[in-house]
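Presented below is the structure to which this report refers.
Atom set for the values below is all heavy atoms of this structure, side chains included, hydrogens, waters and symmetry mates excluded.
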Amino acid sequence: MARKSLSKTVRFEVFKRDRFTCQYCGAKAPEVVLHADHIHPVAEGGTNEILNLVTACAACNGGKGARLLDDRSAVERQRSQIEDLESRREQLEMMLAWRDSAQAAVVDVVEAVSERIGERGGYWPNENGKNDIRKWLKRYSLAEVLEALDEAFDRYMMFKDGAPDEAAWGVAFNKIPLLASYARKAADKPYLAKLAYIQGILRNRAGNPKLRALQALEEIHTEWGVGLEAMEAEAKVADGWEAFCMACEDRAGGQ
């Protein structure tokens, strides 16, 4: 049976999946010509299914073995160069199509986040705001951004006589990346949420709303060995930060 050649569409899907990178040596298009290589050879029963295909550069796919040249070697080299250029052109077209589709997807996501912000806050981000959203989406997943967005507007958004407060909207908007960052850290350190609560208690007790003590509180919990419930109890009766630290030190020493 004649071997069925791969369609351009199939090759494009394989290249796109492998990010236009040779999976053997790491070379990338358009510096090299890429092939869709069969993992399980066709001669041994391998199919043209995408799962049996992998992106490989011409060198890795065909090998670099020396070949004897005959009288037609110059013509063959020219033919090979033309085919090589054509392959590069096709692959550039594929990469451009892939890039355009990826950019279109990003635009759609940014618009979706902007729409959600407008629904929650009554104001929609301008172009500068959308650029901020693009930056967030490079650092965090869409789910992380949306979760932080809802938390920010739940906490900080205010309305006056049913109308959105512009200053509060600005605060909520700017809190989104901070809350996304905090949520990611909290996923690895679940006790951070409790420490943030304890910090809030200490801010009220000390009359200092700008007190930043999360790092120190984490040290008290993880290095001194003081439990979260004990820290909360001490925070609720402490006259200030210094008194709280002394009480926690006594607890640590008594353990």
Side-chain angles (χ1 to χ4, degrees), residues 102-221 228-245 247-248:
Q103 288 178 343
V106 170
V107 170
D108 289 343
V109 171
V110 170
E111 291 299 331
V113 173
S114 298
E115 187 64 25
R116 179 63 176 169
I117 290 172
E119 292 172 356
R120 293 302 312 271
Y123 292 106
W124 280 257
N126 57 21
E127 283 306 312
N128 287 335
K130 290 180 180 180
N131 284 334
D132 288 336
I133 295 172
R134 290 186 186 93
K135 293 176 183 177
W136 303 342
L137 291 168
K138 290 180 180 179
R139 296 171 57 192
Y140 307 106
S141 70
L142 175 60
E144 289 175 316
V145 170
L146 290 176
E147 185 175 350
L149 185 162
D150 284 336
E151 184 177 356
F153 279 86
D154 284 341
R155 285 192 189 184
Y156 303 104
M157 188 61 205
M158 294 186 296
F159 295 83
K160 295 180 180 178
D161 300 325
D165 181 276
E166 187 173 355
W169 185 95
V171 171
F173 181 85
N174 289 320
K175 290 289 185 179
I176 293 173
L178 297 177
L179 291 173
S181 174
Y182 180 76
R184 181 174 286 183
K185 293 176 182 177
D188 297 328
K189 301 178 179 180
Y191 55 79
L192 286 180
K194 187 72 169 182
L195 294 182
Y197 172 67
I198 294 170
Q199 178 180 253
I201 296 174
L202 290 169
R203 284 175 172 176
N204 291 331
R205 299 287 299 176
N208 180 9
K210 294 184 178 181
L211 176 66
R212 293 182 177 274
L214 275 179
Q215 185 173 349
L217 289 171
E218 184 176 5
E219 181 179 338
I220 291 171
H221 175 56
L228 295 174
E229 298 304 321
M231 292 174 67
E232 180 182 347
E234 294 295 350
K236 288 179 176 178
V237 299
D239 293 331
W241 172 251
E242 291 78 9
F244 169 78
C245 289
C248 288

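Under the 4.0 Å criterion applied to side-chain N and carboxylate O atoms, Lys130 and Glu111 are assigned as salt-bridge partners. By the 4.0 Å N-to-carboxylate-O rule, Lys189 lies close enough to Glu218 to be salt-bridged with it.
Between the CZ atom in Phe159 and the CH2 atom in Trp169 there is a gap of 12.0 Å [rounded to 0.5 Å]. Taken to the nearest 0.5 Å, the NZ atom of Lys135 stands 12.5 Å off from the CG atom of Leu137. Rounding to the nearest 0.5 Å places OH of Tyr123 at 7.5 Å from CG of Asp165. Atoms CD1 and CE, on Ile117 and Met157 in that order, are 11.5 Å from each other to the nearest 0.5 Å. Between atom CG of residue Leu214 and atom NZ of residue Lys185 there is a gap of 9.0 Å, rounded to the nearest 0.5 Å. Put simply, CG on Leu149 and CD on Glu119 are 9.5 Å apart, with the number rounded to the nearest 0.5 Å.
Between Ala168 and Tyr156, the shortest heavy-atom distance links the atoms CB-O, 3.5 Å. The shortest heavy-atom contact between Lys175 and Ala152 is CB-CB, 4.2 Å. Shortest non-hydrogen contact noted between Pro209 and Gly207 is CD-O, 3.6 Å. The nearest pair of heavy atoms linking Ile133 to Ser114 is CD1-OG, 3.5 Å. Taking every heavy atom of both residues into account, Pro164 and Gly122 meet most closely at CG-CA, 4.2 Å. Between Ala180 and Ala148, the shortest heavy-atom distance links the atoms N-CB, 3.5 Å.
Counting heavy atoms of neighbouring residues, nucleotides and ligands inside a 6.0 Å radius, atom CZ of Arg139 does not exceed 12 of them.
Residues Ile176 and Glu151 fail the side-chain proximity criterion, which asks for heavy atoms closer than 4.5 Å. Residues Ile220 and Leu195 fail the side-chain proximity criterion, which asks for heavy atoms closer than 4.5 Å. In this structure, the side chains of Arg203 and Asn208 stay at 4.5 Å or more apart for every pair of heavy atoms. A 4.5 Å side-chain heavy-atom check between Val110 and Asn131 finds every atom pair outside the cut-off.
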Determine all donor-acceptor pairs shorter than 3.5 Å in which one atom belongs to a side chain in residues 228-244; sequence neighbours excluded.
| from | atom 1 | to | atom 2 | distance (Å) |
| --- | --- | --- | --- | --- |
| Glu232 | OE1 | Lys194 | NZ | 2.5 |
| Glu232 | OE2 | Lys236 | NZ | 2.9 |
| Glu234 | OE2 | Arg251 | NE | 2.7 |
| Glu234 | OE2 | Arg251 | NH2 | 3.2 |

Inset, instruction - Decide yes or no on side chain to side chain contact (heavy atoms under 4.5 Å, CB included) for Glu147 and Leu179, but give the supporting numbers first. - result: CA-CA 9 Å; Glu147 185 175 350; Leu179 291 173; over 6 Å; no
Inset, instruction - Please lay out, stage by stage, how Asp150 and Arg116 fare under the test side chain to side chain contact (heavy atoms under 4.5 Å, CB included). - result: CA-CA 9 Å; Asp150 284 336; Arg116 179 63 176 169; 2.9 Å; yes
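Tyr182 places a side-chain N or O within 3.5 Å of a backbone atom of Leu192 that can act as its donor or acceptor partner.
The six-membered or imidazole ring of Phe173 lies near that of Trp136, with a centre-to-centre distance under 6.0 Å.
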